[in-house]
There are 2 protein chains.
Amino acid sequence: MKIDPTSSVDLSAQIAKAIRDAIVSGALIVDERLPSEAELAEQFDVSRPTVREALKRLAAQSLIRTQRGASGGAFVNRLSFRDAYPQQITTSTLLLSMNAVSFETACEARYALERACAPLSAQRRTPDQLATMRAEVHRQGQPGLSDESFCDSDVAFHRALVDGAGNPVLSYQLAGAVEAMQPLMNMITFTARSRAEIIKLHTAIADALDARDAGAVEAALTELERYTQSLARDVMEKRAKKRG
Amino acid sequence: MKIDPTSSVDLSAQIAKAIRDAIVSGALIVDERLPSEAELAEQFDVSRPTVREALKRLAAQSLIRTQRGASGGAFVNRLSFRDAYPQQITTSTLLLSMNAVSFETACEARYALERACAPLSAQRRTPDQLATMRAEVHRQGQPGLSDESFCDSDVAFHRALVDGAGNPVLSYQLAGAVEAMQPLMNMITFTARSRAEIIKLHTAIADALDARDAGAVEAALTELERYTQSLARDVMEKRAKKRG
DNA sequence: CAAGCGAGAAATGTCTGACAATTGAAAATC
DNA sequence: GATTTTCAATTGTCAGACATTTCTCGCTTG
């Protein structure tokens, strides 16, 4: 763990990097206690506030947690999928909104990833997950449902589909893609007719999963992508007309 | 932006959350300058070090950048895919190593995601990307190549395959999955025979992409997954024997 | 007049020292 | 022996100061 005080980089950033590297390399193991702030300050030959800034950087990435009190301190955190979800979603959301990623591109990625889950989900989905999907489809058909609630239910439906693959790595990767799309999806106003079409395709997906027919799941997802893209194009055209 | 000084949560965490929410919601836009640390301290009624800790948390997530000097300050950062890559990879790596994700699970996720890219890549890959893949395959066949270099080349090959889909969202999602697998892949010692088999399959993938044959790409990827899994099983069995 | 130079101002980066709040453990008390 | 008290260690927060960087603006000089 070496620090270069003459570098143009913040000392706290250097210290954070040194500790992060130690965690990633396995030199610091899960639940191990770091030296106290005072000790770290002495080791790195900096002041305590500087050490604290470094620790806050690591805490922001969920790499450590801190506890106050006598036997307190900073501990290496076991990074769980559950902890990583919100960060992944926040990052993905900002990536889409700040980089002007087109609806088309985001949608394509999302459905490509979902199709990747289809064969596994067809094979492994639990009755529970299937029931969740059926329930969400039913909810989507209820009259008076707001566009936002409809989107929420849509996310829940697809989430169940992805979780059906029984692979936490896939679920984690897809959480970002699916949830980050929501602000984009919310731009679409769902008419009664388009809702009916989507529900029809959702039902087809659920039926295919029920029958463990991977090919049918993929086909329905492809069709759903095609339909979603066409809805988005309609919205864009209407906007262009309004502006023009 | 409200702060509760009586809450058990760190003030700096609350302040970071308030600013993060403002960024995500769009209240603060890209390249907008935040108030100076002194002003923020006054607004939130906390001291400057506390504000600084909050800003470091945001900097750790690449949400802001800071500049020293007269017209300096903290600015909302345009979160780019390039900035997000290393974080995604670090997080994915730790998720795999800290949660005892099996090689099997990680491998399955990786190839499922890659197969998702296959149709798009077959359709869109540039001659450049194809040339990269051919070059990496050639490198993999050179004698005296270390296991580590072989793995590096493997990553580069698959990276080109994924980038061939021409979808930055997919590339971003896959970067984590592919690169995070490397430490696991490095556990496998590649014999001359297994390298030859892998090169054969890589060649098949490149040929299929050359011919824009999506089905053949998927088939070769499936075969490569099957073979990689069998290699991993061999390693595991040998280890079990040594221990037993 | 233009170009360069320098002083100053504004902002972040860092340090010192102190106190508050929390918490576990040891010591004291019943 | 059980309970309460005290204490020490640690993080959380604050105040003030100085160092460093960088832009701006006015002044000097060719």
Side-chain angles (χ1 to χ4, degrees), chain A residues 1-20 22-23 28 31-77, chain B residues 1-20 22-23 28 31-77:
Chain A
M1 298 205 200
K2 279 175 191 170
I3 298 300
D4 175 13
T6 69
S7 163
S8 65
V9 182
D10 290 13
L11 290 179
S12 69
Q14 291 183 53
I15 294 170
K17 180 178 186 321
I19 299 177
R20 178 164 42 240
I23 294 174
L28 290 171
D31 291 336
E32 186 172 340
R33 183 180 174 283
L34 297 175
S36 71
E37 295 176 354
E39 286 169 326
L40 286 173
E42 199 179 356
Q43 280 182 31
F44 288 113
D45 198 27
V46 297
S47 67
R48 196 160 79 93
T50 302
V51 167
R52 282 182 61 79
E53 287 180 9
L55 294 179
K56 295 312 164 202
R57 294 178 116 109
L58 298 174
Q61 298 179 305
S62 303
L63 294 184
I64 63 169
R65 61 178 186 279
T66 55
Q67 246 182 347
R68 290 169 75 160
S71 65
F75 298 84
V76 178
N77 207 18
Chain B
M1 298 206 201
K2 278 176 192 170
I3 298 301
D4 175 14
T6 69
S7 162
S8 65
V9 182
D10 290 11
L11 289 179
S12 69
Q14 291 182 54
I15 294 170
K17 181 178 186 321
I19 299 177
R20 180 163 40 240
I23 294 174
L28 290 170
D31 291 336
E32 187 170 340
R33 183 179 174 283
L34 297 176
S36 72
E37 294 176 354
E39 286 170 324
L40 285 173
E42 199 179 355
Q43 280 182 32
F44 288 114
D45 198 27
V46 298
S47 67
R48 194 160 83 95
T50 302
V51 167
R52 281 182 62 79
E53 287 179 9
L55 293 180
K56 295 311 163 203
R57 294 178 117 108
L58 299 174
Q61 299 179 303
S62 303
L63 294 184
I64 62 170
R65 62 179 185 278
T66 55
Q67 249 182 349
R68 290 171 76 163
S71 65
F75 298 83
V76 178
N77 207 18

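Throughout, a chain's letter reflects where its sequence line sits, starting with A, and its residues are numbered from 1. Note that the coordinates shown come from a computational prediction; the quantities given were computed from them, not determined experimentally.
Of all the residues in residues 53-65 of chain B, not one reaches under 4.0 Å from DNA chain D with any non-hydrogen atom.
Rounded to an integer number of Å, the gap from A/Arg48 CZ to C/dC15 P is 13 Å. For B/Glu37 and C/dT14, the CD to P distance is 11 Å, given to the nearest whole Å. In this entry the distance linking CD of B/Glu42 with P of C/dA11 reads 13 Å, nearest Å. In this structure, A/Arg68 places its CZ atom 6 Å from P of C/dT22, rounding to the nearest Å. Distance B/Leu11 CG to C/dT22 P: 12 Å, rounded to the nearest Å.
A/Ser12 and A/Ala54 get closest at one heavy-atom pair: O-CB, 3.3 Å. Here the shortest heavy-atom pairing between A/Ile64 and A/Ala74 reads CD1-CB, 4.2 Å.
A/Thr66 OG1 to A/Asn77 CG: the interatomic distance, rounded to the nearest 0.5 Å, is 10.0 Å. Annotation: the span from B/Arg57 atom CZ to B/Glu53 atom CD amounts to 7.5 Å, rounded to 0.5 Å.
The closest donor-acceptor contact from the side chain of B/Glu37 to the backbone of B/Arg52 lies at 3.5 Å or more, if one exists at all.
Positionally, the nearest nucleotide of DNA chain C for A/Pro49 lies more toward the 5' end than for the other of A/Ala70 and A/Pro49. Along DNA chain C, the nucleotide nearest B/Arg33 and the nucleotide nearest A/Val9 are compared for position; the residue whose nucleotide lies closer to the 5' end is B/Arg33.
When DNA chain D is scanned in the 5' to 3' direction for atoms under 4.0 Å from non-hydrogen atoms of chain A, the outermost contacting nucleotides are D/dA9 to D/dT13.
Enclosure of atom CD in A/Glu32 by more than 12 non-hydrogen atoms of other residues, nucleotides or ligands within 6.0 angstrom is indicated.
Side-chain N/O atoms of A/Ser47 include one lying less than 4.0 angstrom from OP1 or OP2 on C/dC15. A sub-4.0 Å separation between OP1 or OP2 of C/dG13 and a side-chain N or O of B/Arg52 is present. In terms of phosphate contacts, B/Ser71 brings no side-chain nitrogen or oxygen within less than 4.0 Å of OP1 or OP2 of C/dA11.
Among residues two or more places apart in sequence or in another chain, the salt bridge (Lys or Arg N to Asp or Glu O under 4.0 Å) test is passed with B/Asp31 by B/Arg65.
For the helix from C/dC1-D/dG30 to C/dC30-D/dG1, the angle separating the two terminal helix axes comes to 10°, with each axis derived from five pairs and the value rounded to 10°.
Legend: salt bridge (charged side-chain N to carboxylate O under 4.0 Å, His left out) pairs involving residues 66-75 of chain B, not counting sequence neighbours: none detected. For the salt bridge (charged side-chain N to carboxylate O under 4.0 Å, His left out) condition, the pairs that include at least one residue of residues 6-18 of chain A, sequence neighbours left out, are A/Asp10-B/Lys56, A/Lys17-A/Asp21.
Considering only heavy atoms from C-beta on, B/Ile15 stays 4.5 Å or farther from B/Leu40 through its side chain. Side chains of B/Gln14 and B/Leu11 form a contact here, defined as non-hydrogen atoms less than 4.5 Å apart.
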